[in-house]
Amino acid sequence: MVHASPPNSPKSHLYSPSALKTKNNIETIQEQQKPHQDSSSSQSPVITMSNDSSISVREDQKARTNKRYIFLLVINYSFLFVGSLSSSLLLKFYFNHQGSSRWVSTWVQSAGFPLLLFPIYLPFYVFKCTDRRPFSLFTPKLLILSIFIGFMLGLNNLLFSWGNSYLPVSTSSLLLSSQLVFNLILSVIIVKQKITFQNFNCVILLTLSSVLLALGSSHDKSQGLTRAKYFIGFLSTIGAGLLFALYLPVMEKIYRRIYCYEMVVEMQLVMEIAATALATMGMASAGGFSEMKRESQVKFDKGARVYWVTVFANVVTWQLCFMGTAGMVFLTSSLTGGICMTALLAMNVLGGVVVYGDEFGGVKVVSTVLCGWGFCSYVYGLYLKMKEEKEMENKNHGMEMVHNAVAPNNV
């Protein structure tokens with residue numbers, strides 16, 4: 001059976017009289033569903049119709065009533081947690097052992113896109129556990145948007161790498177802490193995010209936590225940092241924070257038109273290919289590949305084999321981090337994705353303490369407590385929201401039962 005496109009996409013079918021009747025019934029159902037849709041969760045089912053006028057109902061996987069919702073949420077936050085923590089530790093390992101290439105740190109952030117081919121193609125062609133063909137609903141408009149956002153993501157990766165290469169860790173962390181505030185403002189403008197006490201309190205606490213974390217690392221200073229390099233690093237880091245703060249709500253707006261997680265992975269593949277193409281062109285023009293080879297043989301003090309293992313591990317962990325971020329934005333919101341990423345800064349600090357024996361003084365303790373407080377505040381806000389939605393759903397269900405019981409008596 002060939003499924004037609006979702007309700008929002010154009011249709012060009014020639015319907016028979018019976019098919020037209022079925023189509024009108026579907027449109028009536030969709031019109032009745034519209035008043036009950038929540039713009040942030042899109043909990044109504046997606047109804048599609050095939051050329052033989054048979055109906056296929058696909059439940060939106062963003063809906064909290066979907067049986068896969070909690071499973072996908074746990075998997076994606078696990079990806080984000082493991083990817084963020086591991087990439088942070090591996091990046092520190094790379095720099096601790098004389099790695100210094102800006103292009104390498106840019107390229108590894110998106111070069112793991114071939115890993116996404118497995119979850120895209122294996123379920124349909126090998127495991128036969130889905131009837132949805134890969135990229136079957138991927139429209140030209142979605143392709144263009146994915147490529148454009150991929151270039152934006154590639155530029156963000158480049159700015160992030162340049163900022164980290166020029167600035168001390170403390171200054172870079174301090175500037176990146178402003179990303180969450182930008183994210184909140186842009187989410188309000190782009191996706192009409194409601195400001196509540198819980199999310200505003202969380203943003204303030206996490207920003208303070210990041211600032212304290214930066215101040216606690218104020219002794220980390222780059223050797224030979226000139227005024228010009230500092231200025232370049234400053235602008236690069238601010239630009240990276242702004243671009244990523246813009247990326248999250250833009251993706252949320254696009255994801256509202258997508259009903260299944262498989263399309264999120266497909267979009268991520270196209271974006272990562274575009275970002276890798278941008279990084280590869282930059283590396284080729286600036287001699288980045290020869291620099292990578294020379295660095296593995298001469299500069300890296302652990303040897304070439306460990307160097308390439310480190311690079312490959314970075315590729316995998318960055319892919320987990322970005323895929324986890326995309327999944328969190330799809331399933332929740334851009335603000336939730338930004339908050340989860342910022343909250344993981346404290347976990348990265350604890351990881352450094354456990355793995356590398358970093359100092360864990362009073363300032364870092366306070367920063368970690370503030371981070372936990374802010375994150376718990378936001379999770380509590382989400383719990384209250386879900387509880388309110390559940391009560392409203394039960395109320396509507398009770399009213400519907402009363403209406404169905406009264407209706408026969410009126411006939």
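Both backbone and side-chain heavy atoms feed into the values below; hydrogens, waters and symmetry mates do not. Small disclaimer: the values here were computed from a predicted structure and weren't measured.
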Could you report the tightest heavy-atom contact between [X] and [Y], atom names first, then the distance?
{"X": "Phe81", "Y": "Leu344", "value": "CD1-CD2, 3.3 Å"}
{"X": "Leu91", "Y": "Ser105", "value": "CD1-CB, 4.5 Å"}
{"X": "Gly338", "Y": "Gln179", "value": "CA-NE2, 4.4 Å"}
{"X": "Asp301", "Y": "Asn96", "value": "OD2-O, 4.5 Å"}
{"X": "Tyr261", "Y": "Gly327", "value": "CE1-CA, 4.0 Å"}
{"X": "Gln193", "Y": "Val188", "value": "O-CG2, 3.5 Å"}

Check for a donor-acceptor pair, side chain of [X] on one end and backbone N or O of [Y] on the other, with a separation under 3.5 Å.
{"X": "Ser377", "Y": "Trp373", "answer": "no"}
{"X": "Asn201", "Y": "Phe197", "answer": "no"}
{"X": "Ser209", "Y": "Ser367", "answer": "yes"}
{"X": "Thr276", "Y": "Ser110", "answer": "yes"}
{"X": "Tyr69", "Y": "Leu331", "answer": "yes"}

When you compare the side chain of [Y] with that of [X], does any pair of heavy atoms fall below 4.5 Å?
{"X": "Ile254", "Y": "Ile149", "result": "yes"}
{"X": "Thr237", "Y": "Phe160", "result": "no"}
{"X": "Asn156", "Y": "Tyr247", "result": "no"}
{"X": "Cys371", "Y": "Leu205", "result": "no"}
{"X": "Tyr259", "Y": "Leu137", "result": "yes"}
{"X": "Met251", "Y": "Met271", "result": "yes"}
{"X": "Ser101", "Y": "Tyr94", "result": "yes"}
{"X": "Met267", "Y": "Phe330", "result": "no"}

| request: Apply the test ring pair (Phe, Tyr, Trp, His ring centres under 6.0 Å) to residues Tyr378 and Phe375: give CA-CA distance (whole Å), side-chain angles for both, the deciding distance (0.1 Å), then the verdict. | output: CA-CA 5 Å; Tyr378 189 72; Phe375 188 69; 7.6 Å; no

| query | Does a sphere of radius 6.0 Å around CZ in Phe138 hold more than 12 heavy atoms from other residues, nucleotides or ligands, not counting ones at 6.0 Å or beyond? | reply | yes

| query | How about Met392: does its CE atom have over 12 heavy atoms from other parts shown lying under 6.0 Å from it? | reply | no

| task | Would you please test Thr310 and Phe300 for side chain to side chain contact (heavy atoms under 4.5 Å, CB included) and show each step? | result | CA-CA 11 Å; Thr310 304; Phe300 200 72; 4.3 Å; yes

| request: Give the C-alpha distance, both sets of side-chain angles, the deciding distance and a yes or no for side chain to side chain contact (heavy atoms under 4.5 Å, CB included) between Met152 and Leu246. | output: CA-CA 10 Å; Met152 186 176 77; Leu246 175 63; 4.2 Å; yes

For the [atom1] atom of [X] and the [atom2] atom of [Y], what is their distance to the nearest 0.5 Å?
{"X": "Leu117", "Y": "Glu266", "atom1": "CG", "atom2": "CD", "value": "11.0 Å"}
{"X": "Thr280", "Y": "Phe289", "atom1": "OG1", "atom2": "CZ", "value": "4.5 Å"}
{"X": "Leu335", "Y": "Leu180", "atom1": "CG", "atom2": "CG", "value": "6.5 Å"}
{"X": "Ser84", "Y": "Phe79", "atom1": "OG", "atom2": "CZ", "value": "14.5 Å"}
{"X": "Leu85", "Y": "Leu320", "atom1": "CG", "atom2": "CG", "value": "12.0 Å"}
{"X": "Lys253", "Y": "Ile190", "atom1": "NZ", "atom2": "CD1", "value": "8.0 Å"}

| request: Test Val306 against Phe93 for side chain to side chain contact (heavy atoms under 4.5 Å, CB included), laying out the working first. | output: CA-CA 11 Å; Val306 176; Phe93 179 82; 4.0 Å; yes

| request: For side chain to side chain contact (heavy atoms under 4.5 Å, CB included), just list the numbers for Lys194 and Asn199, CA-CA rounded to whole Å, side-chain angles, deciding distance to a tenth of an Å, and then say yes or no. | output: CA-CA 9 Å; Lys194 293 181 180 179; Asn199 61 33; 5.8 Å; no

| query | Parallel under 30°, tilted from 30 to 60°, perpendicular over 60°: which one fits the rings of Phe322 and Phe244? | reply | tilted

| Matching residue for Tyr307 among Lys302, Lys299, Gln98, Glu295 - test: side-chain contact (heavy atoms from CB on, under 4.5 Å) | Glu295

| field | With Phe151, the side-chain contact (heavy atoms from CB on, under 4.5 Å) member among Leu153, Leu155, Ile147 | value | Ile147

| query | Is it true that Arg256 and Glu252 make a salt bridge, defined as a side-chain N closer than 4.0 Å to a carboxylate O? | reply | yes

